[in-house]
Amino acid sequence: MELKSLIDKLHSLERKLLPFLEKYKEFDEIVKHSGMQEVEVMRALQWLENKVIVKIETNESKIITLSEKAKAYSILPERIVLKNLNEKEIGLEDLKNKTKLSDAEINISIGLLKKRMAIEIVKDNNIKIKINENGKRLIEKSTPEEDLFYKLLKINLNADNLEDSEKFAFNELKNRGLVNVETRKIRKVNLTDLGKELIKQKIETNIIEALTPEILKNKEWQKKKFRAYDIKINVPKIYGGRRHPLNEAMSDIRKIFMNMGFKEMEGPLVETAFWCMDSMWIPQDHPAREMQDTFYLPYEGKIPLDIAKKVAIVHENGGKSGSNGYGYKWDEKIAKQLLLRTHTTATTFRYFGEKKIKPPAKYFYIGRIFRNEAIDATHLPEFHQSEGFVMEEGLTMRDLMGYIKEFYNAMGIYKIKFKPTYNPYTEPSLECIGYNEQLGKWVELINSGIFRPEALEPYGIKVPVLGWGLGVERLAMMLHQQKDIRNMLGATADLNWLRNHKVIKKW
Amino acid sequence: MVVLETRHSILNSLIGEKLSLKELEEILFNLGYELEDISGDNLRIDITAERPDLLSTQGLARALRAYLGFKNIDYKVIKSKGKIKVENTAKEWPFVLACIVKGLKFDDEKIKEVIRIQEKLGTTFLRNRKKGGLGLYPLDKIKFPVKYTSEEPKKIVYRPLEYSEKLNALEILQKHPTGIKYKYLVNGWKRFPIFIDSNKTIMSMPPIVNSHDVGKIDEDTKDVFVEVTGKDLKTITMAFEILVGALMDMGGKAYSLNINYGNKIIKCPEFKEEKRKLNVDYVNKILGLNLKTSEIKRLLEKMMYKIKSANEKELKIIIPSTRRDIWHDIDVVDDIMRAYGCNNFELNLKSVESIGETTKSVKLKEEISNLFIGLGYQEVFTLMLTNKENQFRKMNIEESKHINLGKSVEQSVNMARNWLLPELINCLHFNRSVEYPHKIFEINHVVLPDNTRDVMSKDVLKLSIVNSHSSANFTEIKQILDYLANSFSFKYDIKEIEHGSFINGRAGNVIVDGSEIGVIGEISPVVLGNFGLEAPVSALELDLNKLFNL
C-alpha cells in the first residue's frame, strides 16, 4: 500500500514536524511552535517536498525595521520639542538645554513642526520659537510618523502590507534614516492533497533511525520499528587504490607468455649500439640508426670483442652464414656508442651472446624502449615493448603462425590474418592482424619473423628461432579506448581517469 | 615505410588489366604493401624500405604484372661507344654512372613521374642525396664526349634550373632554393663535382642542381642523358638502374656508356643479375611445406625471378637486377612465401617444452604493489626521461650524478631520472584540482651512472610513495614504512638528515642492515611552491635493489 510504504520511510524529523503543518503555514512560526532547530525544519521540509507531501512557496517580502539610530529613541525628538514649547517664545539655546537634544535633532524637529504649521518662528537677534493654536492641538494627537514608529517598536512590518496613510509616514521616516528596508524570503508551507491525507494517519514518532551499539545492547530494537530507507536513491561515489592500466596490460601479457612456458629476461635500458643494432645484423648505415629515431648518449661503452669480431665478419661478407653480407667496413667505434635502447631485441641478443641460450628454449621480455620523437597525443619518447622467442630444431613458418594464433587467442582474438613485411633482422617477417570483437575492427598488434641466419651466426645458433612482439601502450590505449596517451602516462596522467578506469573483460 | 604516389588508371594501363581498387588492395596486401589512401585516381601505397625498385609506377607495375602471370620486357641495353671521362673528381663524391635513353615520348604525366622517381629515390634510398644524386638532360643539348670532374666553387658559373641568371657555385648555395636546401651536403668541400661537355658547357653540379640551359626535360625531349653520382658505387648503381629501368618501361631504349676512370672502364647500366642455387629441401624446411620443384618455379616467376634450370633437388635461379635485398637464400624463400600467400598456410604448433617463469624484480613489484593498493593508493606511471629543472632545481637540491641525453627532439627532456620522487610530485601538480586526498605510488626504474658496467650505467628499481591532503604529515608516511617493513619482514632505522627537498627536522634516511636505502619526510614548502602545490605532502622513496638484493 503506497501510503503505508510512504509512512514507513518518513524520517524522524519529518514525523516530528508534520503535526505542526496543519495549523502553521509560515516558516518562522513553524520553527517557533515546533521547538525544532531551523536547520532541522528546513531539511525535513525539503524531504517532504521531494515526496510531494508539502509545497513550499517562497516569496520575497520587503520588511521594514527600525534603524539602529531609531531604536535609541523611546519618543521621537519632535515630540520632545513640542512638549517643551509654550506660548512664550524660547530661544534655540534654551530649547537645547531643556530638551537635551542635539543641534541636528532640534533643527530637524523645528523643520518638521514648521511643516505641520505647529509653531511660529520669530527672528530677532536670535531665532525664537513658540507654539501656536495648531501646535496645541498636536499635543493631544500623535503624528502618523509617530504611529508608525510606535508600531515598529513592537514588530517589523511588511512593506506590502502598509496602509495608504502609513506609506507617507514610512517615506518620512525613511528620509530621516529611522527605518531600514530588508528584502527577506518568506517561506510558506502548504500541505498537498497527499499531505492532508497523510496527516490524518497515525504516524509513529518513536522509531529507530541508526542502529547503534547502544540500541543493540539495551535491546531497544525489540520495542521500536526501524525507519524504512528509500533504498533506490543515489549515494556518493567512492574510489580505491588501483593498479595503473599499463601495468595491468603488462601483467596480462606476462601471464600469456608464462602460461605458454616462456621465461622472462632482463636487460639494461642504456645499451651499446653493438647489442642494440650491430649484434642483430642491422648495418651501421641503416636509417634507424640516425639521430632522428635514436637517443644517442654522450658516453662510450664497452663491447665484447670476441663476439664483435664474429659479428663484424658477417656484416662485411656474410661469414659462414651463407650470406653476401653488406660489403662495408665494420667500425668498432660506432658499435661502442651508448644509446637508450630502441627495442627489447637488444636483450634477446645479449641472451644469445652472453647467456649462450641453447635449444629448446622459450624466452620473453617486457621492457621500456625509447624513440627520439616529440611528444604528441599518440607518441611519447618512451614506451614498452614485449617480445618472445622460440628456439628449437625443426621450427617452420607454420609454427610461427601457430604460436601467434595461440597468443592472439589468449588475448581473446580469434580471427587473424597475416601480411608479409620487412624487418632488418628477421626474414620472412609477418605483420599479424587480429579482429577485436569489442571494438569491431581489425587491429595490427603483433610483428614477427624468423631470425635471419646472419643474425644468429655469431652465436653459433644453427636452429630456427621464431620471434614476435607487441607494443604495450598501443594495446592498453586500444583496450581502454584512450585517445591521448598523455592522459594515461607520465605526470600529466589524469588521476580521475586512473581511479575510474574500467576493468578489461578477460572472461 | 615509404609512400609511392601513383595513379590507378596509369597503373592499370601498365599492368594491362583493369584491376578494381579492391582487387589491387588485396594483391598489394598479399605482397606485403598497403593501399593507404585513395582520392579519385590518385593512390598512396605504403612500400617497405627494402624495395626501392617499387618506388616508381613502372617498377610496381612490373612486379604486379609478374604476379598476375604476365611477361615483362627484359632490361636489354644496347652497347654504344659513347664515353664519359672521369678525372680529378671531388674526393668526397668520386663515383659516376651514366647512359643514354632514346625514343621516349614525354607527356606531362611522364615528366611528372620521372621527377617523382628522382625525388623519391633521392630522399629515401639515397638518404636525402647524402649518398648520391640523379640527373637527366635532353640529349640534343649536350655535345659528347662528357667529362665528370671537379672545380673550385668560385670558378663554377652557370644558369641553374628555373633561375633567371648565371651564378657561381657559392652563390647557388646561397640564392637558389635547391642550393639552400642541400648546402650542407658540400660543407667543407674544396672542389665541387661538375659535369662539363665538350663545348665547355657546365651541365650540372651534382648533387645540387642542373643547368637550366642544358639540364631541363620538357615535352619535346625524346632522348635523354641519365647520370648518377655519389659516394658508394653499389648504392648509386641500384638507384641508377631503377631510374633507367623505369625509362625503359616507359618505352625508351637504353644505350650503355663507357665510364673511363683512368685505371678502369665501367660499362653501364649493367643490370647485372645475380645467380643462385636454391635447394628445394631448404625452402620446404623453412616454410613447413611440401612444395615440388615445378611449384617453386611457378611461385618464383610470379616474383620476377627467372629459372635457368631445375631438378627435383635444386633450382638455378636468376635474381631480378633491381632486387638488392637478396643477401641470403632465406630472402628468396620469403618471396616464395609471398607468392604462395601467407594466409594459405595450415598453422602448426610444434611443442617446445619449457616452464614459464618471471624475474625476482617482477615478483617483488607485484607483491609491493598489492600492499599499496590495499592501502588505497593509486599507482601512477611516470616517464623515465625528464629534465634537470624537475629533478634538482625545483626539488631544492644540488645536481647529483645522472645520465645526460644527447640531442633530443623533445625539448622538455635532457636526462634520464635518477630518482622517482620529483616525477610523482609533478603528478600532484598536474592533478591539483582533482579530489583529495592524493595518495599515489610508483615502483619503477631509475638510471644511475656506473663505470663498472659495459653500458656505464645501472638500472635501479625504486619505490616512491607520496601522500597529499590538508593534514598530510610525517606520522602517516612513517606508518606506511612500518607497514611495509612488517609485511616484508625487514627492520629499519632512521637517521636524521638535512635534505633540501624536505622540511628541516622532518627528514630522515632509512637504514637497513647498515646501508642507506631511502629517504622519508615532509616535503619542504619551497618545493611545494616550485610545483605550485597548495596542500602539504609527505613522501618516501626506497631503493629496492639494495633492500631486496636485486
- Item | From CA spacing to verdict: salt bridge (Lys or Arg N to Asp or Glu O under 4.0 Å), R452(A), E454(A) | CA-CA 5 Å; R452(A) 292 191 66 107; E454(A) 298 95 332; 3.0 Å; yes
- Item | Among H244(A), R243(A), E248(A), the one residue meeting side-chain hydrogen bond (donor to acceptor under 3.5 Å, both in side chains) with H501(A) |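 That would be E248(A).
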Can you tell which part of [X] gets under 4.5 Å to a heavy atom of chain A, answering side chain, backbone, both or neither?
X       : value
D459(B) : side chain
K285(B) : backbone
R453(B) : backbone
K458(B) : neither
F372(B) : neither
N451(B) : backbone
T358(B) : both
F381(B) : both
S408(B) : both
N431(B) : side chain
V352(B) : both
M337(B) : side chain
L428(B) : neither
R432(B) : neither

Between [X] and chain B, with a heavy-atom cut-off of 4.5 Å, which part of the residue counts as in contact: side chain, backbone, both or neither?
X       : value
E406(A) : side chain
M265(A) : backbone
S429(A) : backbone
D285(A) : both
I303(A) : neither
I450(A) : side chain
F364(A) : side chain
H379(A) : neither
E382(A) : side chain
Y326(A) : both
V270(A) : both
P464(A) : neither
R254(A) : side chain
E392(A) : side chain

Less than 4.5 Å apart, side chain to side chain, heavy atoms only: is that true for [X] and [Y]?
X       : Y       : result
N387(B) : V413(B) : no
Y403(A) : S448(A) : no
N487(A) : W497(A) : no
M391(A) : K362(A) : no
V362(B) : K365(B) : no
M415(B) : L385(B) : no
P422(B) : T386(B) : no
N343(B) : F29(B)  : yes

Flag the one option from [options] with the top tally of heavy-atom pairs under 4.5 Å to chain A.
options                            : value
E423(B), H445(B), E435(B), E353(B) : E435(B)
L405(B), N426(B), I330(B)          : I330(B)
K234(B), R127(B), M1(B)            : R127(B)
L289(B), L31(B), I286(B), T48(B)   : I286(B)
P437(B), A49(B), G374(B)           : P437(B)
R51(B), E442(B), K439(B), M456(B)  : M456(B)

Heavy-atom pair count under 4.5 Å with chain B, highest-scoring of [options]:
options                   : result
E271(A), M397(A), M250(A) : M397(A)
N259(A), L338(A), I366(A) : L338(A)
T421(A), L498(A), N496(A) : L498(A)

- Message: Within this structure, what is the CG-CG distance for the pair D329(B) and D334(B), rounded to the nearest 0.5 Å?
- Response: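 Reported to 0.5 Å precision, the distance equals 12.5 Å.
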- If you measure from CG on L400(A) to OG1 on T396(A), what distance do you get to the nearest 0.5 Å?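 That separation rounds to 8.5 Å.
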- D454(B)/R350(A) ion pair, N-O < 4.0 Å: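 A salt bridge links D454(B) with R350(A).
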- Check: H328(B) main-chain N/O paired with D331(B) side-chain donor or acceptor under 3.5 Å: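 Judged by distance alone, yes, a pair lies under 3.5 Å.
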- Message: Between N372(A) (side chain only) and K407(B) (backbone N and O only), is there a donor and an acceptor less than 3.5 Å apart?
- Response: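 The answer is yes, because a donor-acceptor pair under 3.5 Å joins these two groups.
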- Query: Given D335(B) and R323(B), is the salt bridge (Lys or Arg N to Asp or Glu O under 4.0 Å) satisfied, shown in steps?
  - Reply: CA-CA 11 Å; D335(B) 282 319; R323(B) 293 293 297 272; 3.0 Å; yes
- Verify salt bridge (Lys or Arg N to Asp or Glu O under 4.0 Å) between E274(B) and K272(B), making sure each step is shown before the conclusion. CA-CA 6 Å; E274(B) 200 196 312; K272(B) 191 158 164 214; over 6 Å; no
- Item | Ring centres under 6.0 angstrom apart (Y363(A), F389(A)) |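 They qualify: ring centres under 6.0 Å apart.
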- Query: Do the ring centers of F418(A) and F345(B) come within less than 6.0 Å of each other?
  - Reply: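 No, too far apart.
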- How far apart are the C-alpha atoms of R341(A) and L269(A), what are their side-chain angles, what is the distance that settles it, and do they pass the side-chain contact (heavy atoms from CB on, under 4.5 Å) test? CA-CA 6 Å; R341(A) 70 183 177 199; L269(A) 293 163; 3.6 Å; yes
